Amino acid sequence: MSVPPQAFVNKNKKHFLGIPAPLGYVAGVGRGATGFTTRSDIGPARDANDVSDDRHAPPAAKRKKTEEEDDDEDLNDSNYDEFSGYSGSLFSKDPYDKDDAEADAIYESIDKRMDEKRKEYREKRLKEDLERYRQERPKIQQQFSDLKRELKVVSEEEWAAIPEVGDARNRKQRNPRAEKFTPLPDSVLSRNLGGESSTSIDPGSGLASMMPGVATPGMLTPSGDLDLRKIGQARNTLMTVKLSQVSDSVTGQTVVDPKGYLTDLQSMIPTYGGDINDIKKARLLLKSVRETNPNHPPAWIASARLEEVTGKVQSARNLIMKGCEVNPSSEELWLEAARLQPRDTARAVIAHAARNLPHSVRIWVKAADLEQETKAKRRVYRKALEHIPNSVRLWKAAVELENPEDARILLSRAVECCPTSVELWLALARLETYENARKVLNKARENIPTDRQIWVTASKLEEAHGNTHMVEKIIDRAITSLSANGVEINREHWFKEAMEAEKSGAVHTCQAIIRAIIGHGIDPEDQKHTWMEDAEACAHDGAYECARAIYGYALSVFPSKKSIWLRAAYLEKQHGSRASLESLLQRAVAHCPKSEVLWLMGAKSKWLAGDVPAARGILSLAFQANPNSEEIWLAAVKLESENKEYDRARRLLAKARASAPTPRVMIKSAKLEWALNNLQEALNLLDEAIKVFGDYAKLHMMKGQIEEQMGKDDDAHNTYSQGLKKCATSVPMWILLSRLEEKLKHVTKARSVLEKARLRNPKNPELWLESVRLERRNGSVDIANAVMAKALQECPNAGRLWAEAIFMESRPQRKTKSVDALKKCEHDAHVLLAVSQLFWTERKLNKCREWFNRTVKIDPDLGDAWAFFYKFELLHGTEQQQEDVKSRCKSAEPHHGEFWCRVSKDIANWCYSTEQILLLVAKDLPVPT
């Protein structure tokens, strides 16, 4: 039996026991005892220089520490525990050795191990407590989140009907007491009316001198009151007198405008904000330069501009005029002086300059610019041309001011004075009649035999008057003449001339230039490659006639090259007419009868034009040139099925299966029967095809889908399983099998199917995406996030995964996720589409439209992008924008995209056009949130 610790405590224990003695306490002094000192107190008798002996010198610090520890030890009842006794270590006085450290390490590892066992339970419990706490005490943001979401459906009328927030201030703040004004007595008003005012300074008030209350009469101190109002009136009177004196000169002309005087003074405030010392240094330096070399015009100009910047315009004018006196032959100085002076003074300055420098073109042009009337400008230019008759710039400026008839006369004189100016010759030719223009251009060629623009202008002139047969001759003669005169034939320059000719409407001139220059300086082995690059460059710059001419010349040299015919056909399809395309394709199939693509393009063009018999005729000719061609068989089947000639399509497919049994032919045969709802016939065809082409995945998938439609889920499961044994790399078939398992409520099996598919097809983003969506469809959001994280680690550049990850995040985190996605997949259409939808959710409509345009430009074959773009324009765009998106989608003819394929590959929509599919997809698309 254990004895309680209270039994060891003496109840009669004195209260002062265990407490330190007070300061100055000596034991026994009350009863007459005196203190004494022993050898143990002072230590042995040793010399200070002797070596210390540890036996006689115990460490005082340690003893002190031990005493402190003894004093700190708390033996109170409140510090006692039945299990561990008094708090603190029982062995704290003993040394800490290696065994203690090892024991502590073992205990610590055991504690850590035990803590890990309970960690998961503890964290789970902490999370539950936190969720319970949040439910009981939600944040204000969470309390109003549902109301915030409902704001998106609030109409403008409801918004306007919301009452204003009331004033929450108390009554005293809302209704402050009106400010009280005490009326002045009548005596003050009468004194002010009598002329007495407080605008004077009383000398005895202390303000008139430094000493308060002392007035010092004399010269500097007024003897009477200092009236400030009278001083102001006197100043105004003095200013009026001065302005009147200045404004009226001897001749009666006004020099200064009294009303605008103060405005001018305000405008003369210096705008320079630098240090005044820098200005002084610059002024001193420039003064030194002027005095050292007064004939250096830049020094005068710099000095004037420094004064102008600091606001001293008159000083700047004086400096520049002094510079003009010192350097009267400097053109720059006179022009700077004219710039600094007002218009009237500048005219006098520039006239002086023209007398000093009569052969300076820039001074005459400045003189004309200073004139305001056109008549005066003409007079200046004609005076200038008397002094400088060979200046092209003056002639051009003078001609621009004249009417066409006078301009023609001036130009005829100008080409005599400046016979080497091409611009003047061409301007004169444009103003002359056809016959005279030919004569002018011939004279120009005689005077300037090395310029190509004259020849090109002559060619355009002949084309404009219907002489197209002369165009080719003129361009050929131009190349010959220029080569004979030593001019280098530069292909780039001539191509630019051809493009300019096309822009001006001279198509024959453009084509003649291309034909004459295209083969110049090109090796035979590089001809095809170089010409194709030239054609693409021209088409990129919008010069389609140049590109057409290049293709035409290339086809005349290489008539059997299928690639050139195809490029030319695509150019005609995009930028030409249907007639030009069909005539080109007729010539193409004549030279390349074995090219199936050219035959099919011709047939499709006829079919789109509504000429079905002509399309059939082209395909029959294609059959003769390419017997047993799969592409032509399928094109013929499509033509018949699109025109609802199903029996003819069946017969064609039967012939195709007999003569060219390929997997595509078998699929088209089964699809036709499937579309016509002959499901059993379609299954029979597919069974027959699988026996021959067992490793073709689409056959198994089509069979499984038909069996699912018939309700035979077990047969479909068996079909997919058998197909995956032969086509383990078919990702769509794995996904179909997974969805079938999910449809049958076998979620675990669906998950295992996808895991097995990922093992067979590693780093496949489609399978990872399906796994993520499987978990989300079944409510496992946390698992879906974990799977997405693994997917992004394995496929870091998969745009579809990043696009899905953006919308898996909460709204505040989506922007950050989209930035990460753009860093990894900057040019991926799926990421760009997700960012576009993100802007849509934030109501940034202009940015959203811009990103949609960027998406469809990067990948025009992505149908989902077109559908979302069209849906966006339906909700937020105009009719014109909607039609623009629709027409661009029709020309792009997209075939891919999750939502797009869901509609386009539905067997019920097998005959739908691109426009119909776009409308259906956009109708069912969800608005991103």
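The model shown is predicted, which means the values in this text are computed figures rather than measured ones.
- Shown here are the salt bridge (Lys or Arg N to Asp or Glu O under 4.0 Å) partners of Asp864, two or more places apart in sequence or in another chain: there are none.
- One finds the NZ atom of Lys366 at 12.5 Å from the CD atom of Glu331 (value rounded to the nearest 0.5 Å).
- A donor-acceptor distance shorter than 3.5 angstrom exists from the side chain of Glu502 to the backbone of Cys546, with no hydrogens or angles considered.
- When all heavy atoms of Ala568 and Leu555 are compared, the closest pair comes out as CB-CD1, 4.3 Å.
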Would Glu371 and Arg378 satisfy salt bridge (Lys or Arg N to Asp or Glu O under 4.0 Å), going step by step from the backbone distance to the final call?
-> CA-CA 10 Å; Glu371 299 292 343; Arg378 288 177 188 162; over 6 Å; no
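- Rounding to the nearest 0.5 Å gives a distance of 10.0 Å between OG of Ser483 and CD of Glu488.
- For the pair Asp828 and Ile858, the minimum side-chain heavy-atom distance is 4.5 Å or more.
- The shortest side-chain heavy-atom distance between Asp369 and Val365 falls under the 4.5 Å cut-off.
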Chi angles and distances behind the side chain to side chain contact (heavy atoms under 4.5 Å, CB included) call for Asp534, Arg491 | CA-CA 10 Å; Asp534 292 339; Arg491 291 180 83 249; 2.8 Å; yes
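- Taking every heavy atom of both residues into account, Val557 and Gln527 meet most closely at CG1-OE1, 4.2 Å.
- In this structure, CZ in Arg379 is found 11.5 Å from OG1 in Thr374, a value given to the nearest 0.5 Å.
- Between the OG atom of Ser580 and the NE2 atom of His575 there is a distance of 11.5 Å, given to the nearest 0.5 Å.
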Check the pair Ile474 / Val456 against side chain to side chain contact (heavy atoms under 4.5 Å, CB included), numbers first and verdict last.
-> CA-CA 8 Å; Ile474 292 173; Val456 174; over 6 Å; no
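- Between the side chain of Trp900 and the main chain of Leu918, no donor-acceptor pair closer than 3.5 Å is present.
- Counting only distance, with no hydrogens or angles, the side chain of Thr855 and the backbone of Trp851 share a donor-acceptor pair below 3.5 Å.
- Applying the salt bridge (Lys or Arg N to Asp or Glu O under 4.0 Å) rule to Arg664 yields the partners Glu630, Glu631; only residues at least two apart in sequence or on another chain are considered.
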Could you go step by step and tell me if Phe872 and Leu845 meet the side chain to side chain contact (heavy atoms under 4.5 Å, CB included) rule?
-> CA-CA 9 Å; Phe872 171 78; Leu845 304 182; 3.8 Å; yes
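- Under the 4.0 Å criterion applied to side-chain N and carboxylate O atoms, Glu883 and Lys886 are assigned as salt-bridge partners.
- In summary, Glu500 and Lys496 do not engage in a salt bridge, as defined by a charged side-chain N under 4.0 Å from a carboxylate O.
- Identified under the salt bridge (Lys or Arg N to Asp or Glu O under 4.0 Å) test for residues 587-604, with sequence neighbours left out: Lys604-Glu893.
- Pairing each heavy atom of Leu598 with each of Leu566, the nearest pair is CD2-CD2, 3.7 Å.
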Working for side chain to side chain contact (heavy atoms under 4.5 Å, CB included), residues His830 and Leu862 | CA-CA 9 Å; His830 293 92; Leu862 184 63; 3.9 Å; yes
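- At least one donor-acceptor pair under 3.5 Å links the side chain of Lys871 to the backbone N or O of Leu925.
- Of all heavy-atom pairs spanning His895 and Asp861, the tightest one is N-OD1, 3.1 Å.
- For the pair Trp455/Ile475, no side-chain contact is recorded, criterion being any heavy-atom separation below 4.5 Å from C-beta on.
- The ring pair (Phe, Tyr, Trp, His ring centres under 6.0 Å) pairs that include a residue from residues 488-519 number zero, where partners must be two or more places apart or lie in different chains.
- The two residues Leu581 and Ala569 have their closest heavy-atom pair at CD1-O, 3.4 Å.
- Within the 3.5 Å criterion, the main-chain N or O of Arg477 finds no donor-acceptor partner in the side chain of Ser481.
- Under the ring pair (Phe, Tyr, Trp, His ring centres under 6.0 Å) criterion, Trp565 pairs with His591, not counting sequence neighbours.
- Legend: residues meeting salt bridge (Lys or Arg N to Asp or Glu O under 4.0 Å) with Lys890, ordered by chain and number and at least two apart, are Glu915.
- For Trp364, the ring pair (Phe, Tyr, Trp, His ring centres under 6.0 Å) partners at least two apart in sequence or on another chain are His387.
- Residue pairs that meet the salt bridge (Lys or Arg N to Asp or Glu O under 4.0 Å) test with at least one member in residues 508-529, sequence neighbours left out, are Glu472-Arg515.
- With sequence neighbours left out, Phe869 forms a ring pair (Phe, Tyr, Trp, His ring centres under 6.0 Å) with Phe852.
- Taking SG of Cys911 as the start and CD of Gln916 as the end, the distance is 9.5 Å to the nearest 0.5 Å.
- Qualifying ring pair (Phe, Tyr, Trp, His ring centres under 6.0 Å) partners for His896, counting only residues two or more places apart in sequence or in other chains: none.
- When side chains are defined from C-beta on, Ile518 counts as touching Ile550, because their heavy atoms get closer than 4.5 Å.
- Smallest separation of non-hydrogen atoms from Pro894 and Pro860: CB-O, 3.7 Å.
- Applying the side-chain hydrogen bond (donor to acceptor under 3.5 Å, both in side chains) test to pairs two or more places apart or on separate chains, those with a residue in residues 536-556 are Gln511-Glu545, Glu536-Arg567, Glu545-Arg548, Arg548-Glu572.
- Between the CD1 atom in Ile479 and the CD1 atom in Ile489 there is a gap of 4.5 Å [rounded to 0.5 Å].
- In terms of the salt bridge (Lys or Arg N to Asp or Glu O under 4.0 Å) criterion, residue partners of Arg888 (sequence neighbours excluded) are, by chain and number, Asp884.
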